[in-house]
Amino acid sequence: MDYSNLRRQIFSMKKSLFDQGYLDEQFNQLEELQDDSSPNFVEEVVALFFKDSSRLLTNIEQALEKYPQDFYRLDSLVHQFKGSGSSIGALRMKNECSMFKAHCSDRNLEGCRRSLQKMKREHATLKQKLETYFQLLRQVGPRERAVNSWK
């Protein structure tokens, strides 16, 4: 694939991530922090997020299985997950975390379970989409990655 087609594909993919509500402005702000001294900064931050958030999802799932449910602990774990997702601009995940937290406030166990399943789906979908996005960016090289021309 030639360079200009690849750039168009990257632009289109990023635009669709925003248009479909997967990402918000925080992702652009994260990209602005990337420069020649750390050309893989965003990819590294996102990789750390997915590593840490997978652990958090497991902790949330385990806390949901305990009886009696500790809704305060669940809320705290989801608050952590939401904060981590917000730091990379994971809008859909952040919104589902808000729903989960509302279910915790209502002590609605079934609502929490449904929200957890949605959070896990959004997490997996975003991970797959961002892996594809970063693969494309790696193909254009560090010169292009350091330039955030797709806002």
Side-chain angles (χ1 to χ4, degrees), residues 7-35 38-140 144-151:
R7 284 194 64 208
R8 276 193 292 277
Q9 191 175 353
I10 291 167
F11 173 81
S12 176
M13 179 167 202
K14 183 176 177 184
K15 183 176 181 332
S16 79
L17 288 170
F18 279 84
D19 291 348
Q20 295 173 22
Y22 286 103
L23 296 175
D24 66 17
E25 182 57 32
Q26 181 62 33
F27 188 80
N28 283 333
Q29 291 176 11
L30 198 57
E31 284 190 323
E32 288 175 9
L33 296 174
Q34 186 165 286
D35 59 22
S38 57
N40 300 315
F41 176 75
V42 177
E43 187 172 2
E44 290 166 4
V45 169
V46 169
L48 286 172
F49 162 74
F50 281 111
K51 181 180 176 187
D52 186 51
S53 60
S54 294
R55 179 190 53 80
L56 278 171
L57 280 172
T58 299
N59 292 347
I60 294 166
E61 201 160 29
Q62 290 170 347
L64 264 177
E65 292 170 4
K66 288 187 178 171
Y67 185 82
Q69 279 70 39
D70 182 347
F71 287 100
Y72 179 78
R73 171 135 172 80
L74 282 167
D75 184 79
S76 177
L77 289 168
V78 172
H79 184 75
Q80 259 187 289
F81 186 77
K82 181 180 178 183
S84 294
S86 294
S87 72
I88 66 157
L91 182 60
R92 282 188 179 193
M93 283 179 27
K94 181 175 78 172
N95 291 342
E96 196 53 50
C97 288
S98 294
M99 292 299 299
F100 190 111
K101 288 170 68 62
H103 293 310
C104 282
S105 294
D106 296 340
R107 303 181 66 78
N108 178 348
L109 183 59
E110 271 314 302
C112 288
R113 286 183 174 140
R114 282 190 310 274
S115 280
L116 175 61
Q117 293 311 309
K118 289 179 184 175
M119 286 164 44
K120 287 167 67 175
R121 275 193 306 274
E122 293 298 341
H123 183 267
T125 300
L126 183 62
K127 183 177 182 180
Q128 180 269 320
K129 288 181 179 291
L130 286 177
E131 283 173 351
T132 302
Y133 176 71
F134 289 123
Q135 285 173 352
L136 290 172
L137 284 176
R138 283 192 298 274
Q139 290 179 41
V140 296
E144 190 65 29
R145 277 183 269 167
V147 178
N148 185 10
S149 61
W150 305 295
K151 283 188 180 178

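Nothing fancy with the numbering, it's 1 onward along the sequence.
- Side chain of E96 to backbone of M119: no donor-acceptor contact under 3.5 angstrom is found.
- For F50, the ring pair (Phe, Tyr, Trp, His ring centres under 6.0 Å) test picks out H123, with sequence neighbours left out.
- Remark: the backbone N or O of Q80 is paired with a side-chain donor or acceptor of S84 at under 3.5 angstrom.
- For the side chain to side chain donor-acceptor pair (under 3.5 Å) test, residues two or more places apart in sequence or in another chain that qualify with R113 are E110.
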* So I10 and M13, side-chain contact (heavy atoms from CB on, under 4.5 Å) or not? Walk me through it. -> CA-CA 5 Å; I10 291 167; M13 179 167 202; 5.9 Å; no
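- Using modelled atom types, one finds no donor on one side chain facing an acceptor on the other under 3.5 Å when comparing N95 with K118.
- Listed here is the closest heavy atom pair of L30 and S87: CD2-O, 4.2 Å.
- For the pair Q26 (side chain) and I88 (backbone), a donor-acceptor distance under 3.5 Å is absent.
- A donor-acceptor pair under 3.5 Å is formed between the side chain of S86 and the backbone N or O of K82.
- Two residues are said to be in side-chain contact when any heavy atoms from C-beta on lie closer than 4.5 Å; C104 and V78 fail this criterion.
- Formation of a donor-acceptor pair under 3.5 Å by the R92 side chain with backbone atoms of Q20 is found in this model.
- Using a 4.5 Å cut-off on side-chain heavy atoms (C-beta onward), Y22 and L130 make no contact.
- Of the inter-residue distances, the one linking T132 atom OG1 with K127 atom NZ reads 12.0 Å to the nearest 0.5 angstrom.
- Within the 4.5 Å cutoff, the side chain of F81 has no heavy atoms near those of the L77 side chain.
- Under the rule for a side chain to side chain donor-acceptor pair (under 3.5 Å), R73 has no partner lying at least two apart in sequence or in another chain.
- Checked against side chain to side chain donor-acceptor pair (under 3.5 Å), D75 has the following partners two or more places apart in sequence or in another chain: K101.
- Looking only at side-chain heavy atoms (C-beta outward), E31 and F41 stay at 4.5 Å or farther from each other.
- Note: L109 CG to R114 CZ = 10.0 Å, rounded to the nearest 0.5 Å.
- Rounding to the nearest 0.5 angstrom, the gap separating the NZ atom in K14 from the CG atom in L136 is 13.0 Å.
- Proximity of a side-chain donor or acceptor of S12 to a complementary backbone N or O of R8 within less than 3.5 Å is not detected.
- Atom OG of residue S38 and atom CD of residue E43 lie 12.5 Å apart, to the nearest 0.5 angstrom.
- The distance from the CG atom of L64 to the CZ atom of F100 is 4.5 Å, given to the nearest 0.5 Å.
- Contact check for F27 versus L91: no side-chain heavy atoms found under the 4.5 Å cut-off.
- Here salt bridge (Lys or Arg N to Asp or Glu O under 4.0 Å) pairs that include residues 46-61, with residues two or more places apart or in two chains, are D52-R55, E61-K120.
- One finds the CG atom of L33 at 11.0 Å from the CG atom of N28 (value rounded to the nearest 0.5 Å).
- For R107, the side-chain contact (heavy atoms from CB on, under 4.5 Å) partners at least two apart in sequence or on another chain are F71.
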